[in-house]
Number of protein chains: 2
Amino acid sequence: MAKRSADTGSRILDAAERLVQQRGYNGFSYADVAAELKITTASLHYHFAGKAKLGRALIERYAERFTEALATIEARLPDARARLDAYVDVYGDVLRGRRLCLCGMLAAEYQTLPKPMRQSVIQFFDDNEAWLTRVLEAGRQEGSLRFSGSAVDAARMLISGLEGAMLVARPYGEVGRFRAAVAQLLTGLAATPAGH
Amino acid sequence: MAKRSADTGSRILDAAERLVQQRGYNGFSYADVAAELKITTASLHYHFAGKAKLGRALIERYAERFTEALATIEARLPDARARLDAYVDVYGDVLRGRRLCLCGMLAAEYQTLPKPMRQSVIQFFDDNEAWLTRVLEAGRQEGSLRFSGSAVDAARMLISGLEGAMLVARPYGEVGRFRAAVAQLLTGLAATPAGH
DNA sequence: GTCTATAGGCAGATAGAC
DNA sequence: GTCTATCTGCCTATAGAC
C-alpha cells in the first residue's frame, strides 16, 4: 500500500524544481531532467506539454507547499515572534540545499518568462506578503513586535531582505552570512531591544 | 575632437550590460547584441573572443564604474547619513531603468557562470561591503547612525536588502515598492528615531 | 574591423511504433 | 507511458574574403 516511489509526474517536478532553484529557468533543459530520471525528453513531453507548462506547474506546487508550511507554523506556534522566526527558518532551509527561493530565482528572470508564469510569481509574493502582514500586525497588537510604518511595508521589507540575503549569501557558500544578515534585519523588530 | 559616438567595444559592452541586467547572462545571446548594434556575431567575436570573456569584461567595467560612483559620493557628501542615502539612490536609479544590479542578476545565475566570472562577482560584493562598512562605522562614530552588532554585519544586511528589494520590486514595475522597503530597512539605522 | 558562409551542438518539440 | 527518429531553429564559434 505504501508507495515506494513517487509517480513520474512528481519526480519530474522534483528534478525540475531543484534545477530551477539552482540554475534558473533559462539555465536548465528538458535534457537535464530526462537524464536525471533516466527517461527521454519525448516522455517528458507526455507529462508536460512544454517547458512553459512545466514551469507553471512548478510554481503552483511550490506555492501550495509554501502555503501549507505557513499553515503549519500558525497551527504549532502561538505567538507572532515565534511565527516570524519559523518563517525565516523556511528560507534558511532552502538556502542550506544550495538553492534559492524558486520565485526569487524566477523574479530575476522575470522579463524572459512566459506570460502565464509571470502572474504566478507575483501571486506567490502577494500571498507571502499577506500572511506576513497578518503575523506582524498580530505581533504589534500583542506587543511582541514593534515597527514604524505599516505592517505591509514591514512585510515587504522582510521578504525583500530574505530574498536578497539568500541571493548574496549563496555565491559565498556560507549560510552564516544569511543568518547574520537576517539577524540584523530582525533587530529593529524586537519589542525588547537586543541586549548588548 | 569630441567623440560623436563611443567605439564599438564600448557599444557592445553597453548593449550587453543592459541585456544581462534585464534578461540575465543565460537570457541573452550574441545575436541579440549584434542585432542592436547592426553588426554580425562574427564581428562581435573580433572584440570579445567568447561569451565568457564578454561577461567578465562586463563585470570589470561595472565594478569600476561603481567604485567611481562611490568615490564621487565620498568627495561630495561629508557625513555618513548623506552618503548612505546616496548609496541607496544608486540602486534606485538602476531599478528605474527596469534593470537589476548586474551582480545581483549574476548572483542568481551563479552556479551556471564560467569560473572566471564567479570570482569577479564575489569581488564586487566584497568591495561594496568594505565601502559601506567604512561609511557605517564613521556614522556610528559621528553619531549620525546607530546599529547593534558589527558594522560589517549591518553592511551585509543593507546590501542584501537592497539587492532583494530590487529583485522583488521589478516584477511589479513599481519603484515605490523598492523605496518603501528600503525606507523600512533604514529606519533602524537612524540615530534620531523616526518621529511619530 | 566587418563581412559571408558555415560548422557543430543543443534547444524544445512532434510523429508514430511499441 | 515510454521509446526511436527526426525536425527546425538558435546557439557559440571559426575560416577566410574584403
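The basis for the numbers below is simple: all heavy atoms, side chains too, and nothing from hydrogens, waters or symmetry mates. Numbers restart at 1 for each chain; the letters A, B, ... are given by sequence-line order, proteins then strands.
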In B/S/- notation (B base, S sugar-phosphate only, - none; protein heavy atoms under 4.0 Å), nucleotides 2-18 of chain D written 5' to 3' is BBB------SSBBB---

Side-chain donor-acceptor distances from residues 93-105 of chain B under 3.5 Å, at least two apart:
unit_1  : atom_1 : unit_2  : atom_2 : d
B:Asp93 : OD1    : B:Arg96 : NH1    : 2.7
B:Arg99 : NH1    : B:Gln21 : OE1    : 3.0

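- With sequence neighbours excluded, no residue forms a salt bridge (Lys or Arg N to Asp or Glu O under 4.0 Å) with A:Glu60.
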Please tabulate, for side-chain N and O atoms in residues 157-173 of chain B, each donor-acceptor pair with protein atoms closer than 3.5 Å (sequence neighbours left out).
unit_1   : atom_1 : unit_2   : atom_2 : d
B:Ser160 : OG     : B:Arg156 : O      : 3.0
B:Arg170 : NH1    : B:Gln22  : O      : 3.1
B:Arg170 : NH2    : A:Ala107 : O      : 3.1
B:Arg170 : NH2    : A:Ala108 : O      : 2.7
B:Tyr172 : OH     : A:Ile122 : O      : 3.3
B:Tyr172 : OH     : A:Asp126 : OD1    : 2.6

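- Annotation: ring pair (Phe, Tyr, Trp, His ring centres under 6.0 Å) contacts of B:Phe48 (sequence neighbours excluded): none.
- Put simply, CG on A:Leu37 is 13 Å from C1' on D:dG1, counting in whole angstrom units.
- Residues passing the side-chain hydrogen bond (donor to acceptor under 3.5 Å, both in side chains) test with A:Tyr62, sequence neighbours excluded: none.
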